[in-house]
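Residue numbers count from 1 along this sequence.
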Amino acid sequence: MSWQTTGDVAEFLAAAGSFLRAERARNTVILTAAETVRVNPGRFRGKDEAGGAKEAGGANEAGGAKGAKDANEANDANEADSASLPLFGWWTDGRNGTAGAVKAAFLHTPPFPVVLSAVPPEAAADLAAQALAGRPLAGVNAHGDAAASFAAAWQASTGCRAEVHRRMRLYRLAELAWPDPPPAGGPRTAGDGDVALLTDWFTAFAVEVQDTGGGAAQAAVVRDRLSYDGITLWEDGGKPVCVAALTRRVAGMVRVGPVYTPPEFRGRGYASATTAEVSRAAITAGADEVVLFTDLANPVSNSIYQRIGY
């Protein structure tokens, strides 16, 4: 039994895709993130390719002691760049040299946490201690038992402290129900002219829920979602008051998120209506399963989504 890793998303999906699609809702984050890397490989390209190792390599042509020093610096830079690029992996139950069936998978797209499928505790511990050693991890996103096993092994190997950041619930859309009465205003698809506003709102959302990645990271998320018309704004009186986004459709599934209403516009039903609208749009576009995550510590969002059919 062992982990196999790759930086090639096509190789990853060829090896682990069937395993992930067999429980597409449970594996929604891995599937949608891998699809983003496949369709938009520049989305997680790591550090600036123009600097660091490239410049050190050029200096190395001068030769001598300085050249040797620069070569070492180039190697260090290359290793740092590699650690900041996406990494994928799958765990098989093969024994005595046999290939075995895929039983678990992970995806890591820095600066975001590593995401695990359902995984045996011993495999989670092995992943932390060996396959991900040396990578900069902001956290782990996994089911409780796997997360605990991974965190314990990561603490043992790095000395870092680990704590539970958030407990989430995954909802599936049953029958869509529209808010009654509906709020004032209506939806529109966001476009390039909304990039600055959306980046601010996505960043504000990330700060509010204490997620990883702000500023430039959120701008990249915004531009990627806009590339497939994946962001909807709710406007009231011609003014944007709420936003909801969709992932790409993968294996017939779409995930809603983020959904954000600035504090000054809350309590008016905008989030319910915007979520209902993007859910309708996903179904109309061909999704046969629509899901979304909520924070179990936020009773407001949990009740909102249940009222509209999740």
Side-chain angles (χ1 to χ4, degrees), residues 1-24 26-49 52-54 74-143 146-147 149-150 153-154 157-158 212-213 217 220-221 224 247-248 250-251 253:
M1 300 182 182
S2 62
W3 284 101
Q4 299 178 66
T5 62
T6 181
D8 185 342
V9 68
E11 181 184 7
F12 170 68
L13 291 173
S18 295
F19 164 78
L20 294 168
R21 289 189 294 270
E23 292 191 89
R24 60 185 180 182
R26 189 172 191 173
N27 295 316
T28 175
V29 177
I30 299 181
L31 283 168
T32 55
E35 180 67 4
T36 296
V37 175
R38 188 188 72 80
V39 174
N40 184 6
R43 170 72 177 81
F44 298 103
R45 74 185 184 97
K47 297 181 180 180
D48 186 356
E49 295 174 354
K54 183 176 180 181
N75 289 334
D76 290 343
N78 284 333
E79 289 177 2
D81 279 352
S82 176
S84 69
L85 293 173
L87 185 70
F88 314 91
W90 59 98
W91 189 75
T92 63
D93 63 357
R95 296 178 183 274
N96 300 321
T98 61
V102 174
K103 297 294 185 180
F106 82 86
L107 171 149
H108 184 217
T109 52
F112 301 100
V114 60
V115 185
L116 304 184
S117 69
V119 54
E122 66 272 20
D126 184 55
L127 177 65
Q130 298 186 45
L132 291 177
R135 289 182 70 83
L137 295 190
V140 57
N141 181 341
H143 295 268
S149 298
F150 181 93
W154 188 257
S157 62
T158 66
T212 301
V221 174
D224 182 65
T247 63
R248 289 178 173 85
V250 183
M253 173 198 61

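- Trp90 is not listed as a side-chain neighbour of Leu20, based on a closest heavy-atom distance of 4.5 Å or more.
- Note that OG of Ser117 and CG of Leu31 are 10.0 Å apart. Values are rounded to the nearest 0.5 Å.
- With sequence neighbours excluded, the residues that form a side-chain contact (heavy atoms from CB on, under 4.5 Å) with Pro136 are Ala83.
- Across all non-hydrogen atoms, the minimal contact from Ala34 to Leu13 is CB-CD2, 4.1 Å.
- Taken to the nearest 0.5 Å, the CG atom of Asp224 stands 5.0 Å off from the OG1 atom of Thr36.
- Trp91 contributes atom CH2, which lies 12.5 Å from atom CG of Leu116 (distance to the nearest 0.5 angstrom).
- Phe44 and Phe112 have perpendicular rings, their planes meeting at more than 60° on a 0 to 90° scale where under 30° would count as parallel.
- Contact detail for Ala105 and Phe19: the closest heavy-atom pair is N-CE2, 4.0 Å.
- With sequence neighbours excluded, the residues that form a side chain to side chain donor-acceptor pair (under 3.5 Å) with Thr32 are Arg255.
- Every residue two or more places apart in sequence or in another chain that forms a side-chain contact (heavy atoms from CB on, under 4.5 Å) with Ala128 is listed here: Phe150, Ala153, Trp154.
- The salt bridge (charged side-chain N to carboxylate O under 4.0 Å, His left out) test applied to Arg26 returns Glu23, not counting sequence neighbours.
- Leu87 CG to Thr6 OG1: the interatomic distance, rounded to the nearest 0.5 Å, is 7.5 Å.
- Of the possible donor and acceptor atoms, none in the side chain of Asp93 sits under 3.5 Å from a partner among the backbone N and O of Gly100.
- Between His108 and Leu137 the shortest side-chain heavy-atom distance falls below 4.5 Å.
- Side-chain contact between Pro113 and Val140: absent, with no pair of heavy atoms (C-beta onward) separated by less than 4.5 Å.
- From Asn27, atom CG reaches atom CE of Met253 across 8.0 Å, with rounding to the nearest 0.5 Å.
- Aromatic ring orientation, Trp3 versus Phe106: perpendicular (interplanar angle above 60°, classes split at 30° and 60°).
- Side chain of Arg135 to backbone of Leu85: a donor-acceptor contact under 3.5 angstrom is found.
- Considering every non-hydrogen atom in both Pro120 and Ala104, the closest pair reads CD-CB, 4.4 Å.
- Judged as a salt bridge (charged side-chain N to carboxylate O under 4.0 Å, His left out), and not counting sequence neighbours, the contacts of Arg24 are Asp288, Glu289.
- The two residues Ala15 and Val102 come nearest to each other via the heavy atoms O-CG2, 3.4 Å.
- With sequence neighbours excluded, no residue forms a salt bridge (charged side-chain N to carboxylate O under 4.0 Å, His left out) with Arg21.
- Taking OG1 of Thr5 as the reference point, atom CD of Glu11 lies at 9.0 Å (rounded to 0.5 Å).
- Looking at every heavy atom in both residues, Thr109 comes nearest to Pro86 through CG2-CB, 4.1 Å.
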